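Heads up: numbering here begins at 1 and tracks the sequence. The structure presented is a predicted model; accordingly, all values stated were derived computationally and were not measured. First listed ligand is number 1; within each ligand, the first listed atom is number 1.
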Amino acid sequence: MVISELKKQIEQMLLDSGNEDFQFEAREIVREVTGRYSEDKAVTDTEYEKCMQMAGRRVKGEPLQYIFGRWEFYGYDFFVGEEVLIPRPETELLCEKAIEHLKKSGGDFADLCAGSGCIGITVARQTGEKCISVELSEAAFYYLQKNILCNNAEKLITAVKGDIFDEEVISAIPDDSLSAILSNPPYVNKRDMENLQAEVRYEPEAALYGGVDGLDYYRRIFVAYDKKLKKGGLFAVEIGEEQGNAVSLLMEETGYKPVIIKDYSGLDRIVMAIK
Ligand code: GLN
């Protein structure tokens, strides 16, 4: 069997399971297992078995990212597993805004609720600025540390294991020391948690659920971290598509003048302000 035939077989399996992205995903599976994708290369028995195993898991609903155990974000490779959120293209936009800001201002920044570490590591690698990445979950912290090492960011990232609202964590960061504060906190509300897409059900609840209205973290994060941000610094958070106005209001209450940024699908995705 050659690669193109194997790919066809996987496409059919995925299509039969109702997967609309079957062509892209079949190609990704074949590429993941066989290395470089080339149509007429012969497939070994081991490669075939491995592909069938992965396709089988995908058919049952598991996201491709967890099956591979890694995923690309902003051109960097991140290890992921069910203990961390899958890095999403929308979050690359948050990184872009931060990179743009830090390239002008320079200075240290923070990534709160860091998870796999993709925001802090990407922005640090792109700007050369230093980041404090804070993550509470023990299991997620393992991925954070692994991703720091694998992306050669040991000199740039200080990983802190703790609750972002813990006084000890907050007071360890000097006042007026940060040029940017970034966060993609849990923001899914109770209603949406009950209607999650099949793939999202594999992701950790602690990284998704933001309380009854999804705003629990935003209610505290601006107040708790305002004094850490320098004047002229950027406070930027990812939000759910229906939270633009509510999160802006919370920022305004802390004295900021926020703007809402839309993602590539035209949905509200980031609220940010310069102090
Ligand atoms: N974007 C995720 C979703 O699609 C939520 C991520 C988060 O809560 N930070 O549900």
Visitor: Asp40: what forms a side-chain hydrogen bond (donor to acceptor under 3.5 Å, both in side chains) with it, not counting sequence neighbours?
Guide: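 So Asp40 forms no side-chain hydrogen bond (donor to acceptor under 3.5 Å, both in side chains) with any residue.
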Visitor: Considering non-hydrogen atoms of the protein only, which is the closest contact for atom 10 (O) of ligand 1, and what is the distance?
Guide: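 I find the closest protein heavy atom is Val188 CG2, 3.7 Å.
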Visitor: Identify the heavy atoms of Gly107 and Glu129 that sit nearest to each other, and give their distance.
Guide: N-OE1, 3.0 Å
Visitor: Considering only protein heavy atoms, which is closest to atom 1 (N) of ligand 1, and at what distance to one decimal place?
Guide: Tyr187 OH, 3.0 Å
Visitor: State plainly whether the residues Glu28 and Arg31 are in salt-bridge range, i.e. N to O under 4.0 Å.
Guide: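 Yes, Glu28 and Arg31 are salt-bridged.
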Visitor: Within ligand 1, which atoms have a heavy atom of Pro186 less than 4.0 Å away?
Guide: 8 (O)
Visitor: Looking at ligand 1, does Ala207 have a heavy atom less than 4.0 Å from it?
Guide: yes
Visitor: So which bit of Asp192 gets within less than 4.0 Å of ligand 1, heavy atoms only: side chain, backbone, both or neither?
Guide: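 The answer is neither; Asp192 stays 4.0 Å or more away.
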Visitor: Counting heavy atoms only, which of Arg88, Met193, Glu238, Glu203 is nearest atom 3 (C) of ligand 1?
Guide: Arg88
Visitor: Below 4.0 angstrom, N of the basic side chain to O of the carboxylate: do Asp108 and Lys228 qualify?
Guide: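 Salt bridge absent between Asp108 and Lys228.
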Visitor: Would you call Glu32 and Lys50 a salt bridge, using N to O less than 4.0 angstrom?
Guide: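 A salt bridge is absent here (no side-chain N lies under 4.0 Å from a carboxylate O).
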Visitor: Using the test side-chain hydrogen bond (donor to acceptor under 3.5 Å, both in side chains), find all partners of Asp166 that sit at least two apart in sequence or belong to another chain.
Guide: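 Checked Asp166 against side-chain hydrogen bond (donor to acceptor under 3.5 Å, both in side chains); zero matches.
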Visitor: Salt-bridged, Lys227 to Asp176, with N to O below 4.0 Å?
Guide: no
Visitor: Do any nitrogen or oxygen atoms of Pro185 lie less than 3.5 angstrom from nitrogen or oxygen atoms of ligand 1?
Guide: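 Yes, Pro185 has an N/O under 3.5 Å of an N/O on ligand 1.
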Visitor: Quick one: which ligand 1 atoms are inside 4.0 Å of a heavy atom on Asn184?
Guide: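 Those atoms are 7 (C), 9 (N).
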Visitor: Less than 3.5 Å between some nitrogen or oxygen of Glu90 and one of ligand 1, yes or no?
Guide: no
